[in-house]
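Chain letters run A, B, ... following the sequence lines, proteins first, then strands; residues in each count from 1. Note that this is a predicted model, so its numbers are computed, not measured.
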Protein chains: 2
Amino acid sequence: MDPIGPRLKTLRSHHGLSQRQLARKSGVSNATISLIEHGRTDPSMGLLKRILDAMGVSFADFFAAENRPPEKFFFASDELSVISSGPISFRQVGSDLSDSQLQLLHERYQPGADTGRSMLSHDAEEGGIILQGRLEVTVGDQVRVLSAGDAYLFNSRLPHRFRNTGSEDCVLVTVCTPPSF
Amino acid sequence: MDPIGPRLKTLRSHHGLSQRQLARKSGVSNATISLIEHGRTDPSMGLLKRILDAMGVSFADFFAAENRPPEKFFFASDELSVISSGPISFRQVGSDLSDSQLQLLHERYQPGADTGRSMLSHDAEEGGIILQGRLEVTVGDQVRVLSAGDAYLFNSRLPHRFRNTGSEDCVLVTVCTPPSF
DNA sequence: AGCAATTGTTTAATTTAATAAACGATTCAA
DNA sequence: TTGAATCGTTTATTAAATTAAACAATTGCT
């Protein structure tokens, strides 16, 4: 496993707590916290949970991300990578999302553009906000035409479809977690 | 967290393994596996990891929160819930995100609006695309002024700040996973 | 200066987890 | 009906985590 000691230490300092303060809040001895942070002991799950609880962090949160921060934070408009062209164009924020949990896209649907029905098996979640034009969105057995300012949010396991039934381009910002491609 | 014993037991049977088979694969005694499944012992992290490794399951997977799909998928423009008003206004897609991994916002910064420095302790990731106006974004020790079409993407653990240094409103779509509030 | 209250670390003692081995209960084959 | 092999559980022993207490170093207050 990866060193949880340093992770715990930075988490503690981010909360502005000393080893002894955290020890009091969690009911764990300060010695144990020191030993864990230095990797000199293999803490039990129950003990680790008491420590994380004291800082309001769940196991899911703590183990969720071993993803290092991306070195590139800002993207000029012309730096957005074009993923696909044709009747539907995607402009993605960031080029390599292998370390990222977030896929942010600027999309444009030409009149008549249609994704077709897609059923994604992986457990993801996606949403979007319409900026311009109209878009017909199908999720499960529900269908709705959204226009500028409207939005959607659903679990990607559900079958879904996007279609521009209007006569003008439809522009929207979408997001997916984790990235779908 | 919830009792890991029953969860581990169902995971094991789902993999078609007996206690002893799993014991051999993981290098852990079968007695220990029985004790864990019955909650009669508090396993150490290293031990639990060996068991999960034998089944190809990561901590993140094991503790990943089971998120049920939201029953509401579509949101009309005037249904976006206004989270905060003042110099910065947030319009959020969805009202209750407790089951969601995705927080999608339509934001408007008035001239001079400033979030101040914020250091979030939870491990999240956030991004956004500028639609209108200009916004000064600070991440770590980097600063950049973004304008329409530009974007950002970073890990929320890093200290960051948003500021509208221009003379007109700045409009953007942002996303955060998991939700920050 | 000094005293008091912190900080993080280390060590001996204690509590607890982890193992090896035995247990009774099944199943299947001879 | 045996015997062998498996299953999950329980117990005595061993190994390791956890603690309490003392350690040296630092900070702030008088």
### Query
For A/S44, which contact category applies under a 4.0 Å heavy-atom criterion: base, sugar-phosphate, or nothing?
sugar-phosphate

## Note on the structure
Nearest heavy-atom contact between A/R163 and A/L135 is O-CD1, 3.4 Å

### Query
Side chain of A/R108, backbone of A/D169: donor and acceptor closer than 3.5 Å?
no

### Task
Using a cut-off of strictly less than 4.0 Å, decide whether A/Q19 has a side-chain nitrogen or oxygen near OP1 or OP2 of C/dT9.
yes

#### Entry: Position toward the 5' end of DNA chain D (nearest nucleotide), B/D42 or B/R24
B/R24

### Query
Taking atom C1' of C/dT10 as reference, at what distance in whole Å does atom NE2 of A/H38 sit?
11 Å

### Task
Check the angle between the aromatic planes of A/F63 and B/F59 and answer parallel, tilted or perpendicular using the 30° and 60° thresholds.
parallel

### Query
Just checking A/R40: base, sugar-phosphate only, or nothing, at a heavy-atom cut-off of under 4.0 Å?
nothing

### Query
In whole angstroms, how far is the P atom of C/dG8 from the CG atom of A/L35?
13 Å

#### Entry: Integer-rounded Å distance: D/dG8 C1' and B/E37 CD
9 Å

### Task
Tell me what B/I33 touches on the nucleic acid: a base, only sugar-phosphate, or nothing, going by heavy atoms under 4.0 Å.
nothing

### Message
So B/T32, base contact, sugar-phosphate only, or nothing? Heavy-atom distance under 4.0 Å.
### Response
base

## Note on the structure
Comparing B/I36 with B/N30, nearest DNA chain C nucleotide closer to 5' gives the residue B/I36

### Message
Nearest to the B/R20 side chain among D/dT18, C/dA20, D/dT9, which nucleotide is it?
### Response
D/dT9

### Task
Evaluate whether atom CZ of A/R50 has more than 12 neighbouring non-hydrogen atoms of other residues, nucleotides or ligands under 6.0 angstrom away.
yes

### Task
Consider the side chain of B/S18, meaning its heavy atoms from C-beta on, and name the nucleotide among C/dT7, D/dT19, D/dC7 that approaches it most closely.
D/dC7

### d(CZ, B/R50; C1', C/dA18) in whole Å
9 Å

### A/I4 CD1 - D/dA17 C1' separation (whole Å)
14 Å

#### Entry: Euclidean distance, atom CG of residue A/L22 to atom P of C/dT9 [Å, nearest integer]
13 Å

### Atom pair distance, as rounded to whole Å: CG in A/L8 and P in C/dG8
12 Å

### Query
So what does A/S34 touch, heavy atoms closer than 4.0 Å: a base, only the sugar-phosphate, or nothing?
base

### Message
Mind checking if B/T41 touches a base, just sugar-phosphate, or nothing, with heavy atoms under 4.0 Å?
### Response
sugar-phosphate

#### Entry: Nearest heavy atoms of A/L172 and A/I129, plus distance in Å
CB-O, 3.3 Å

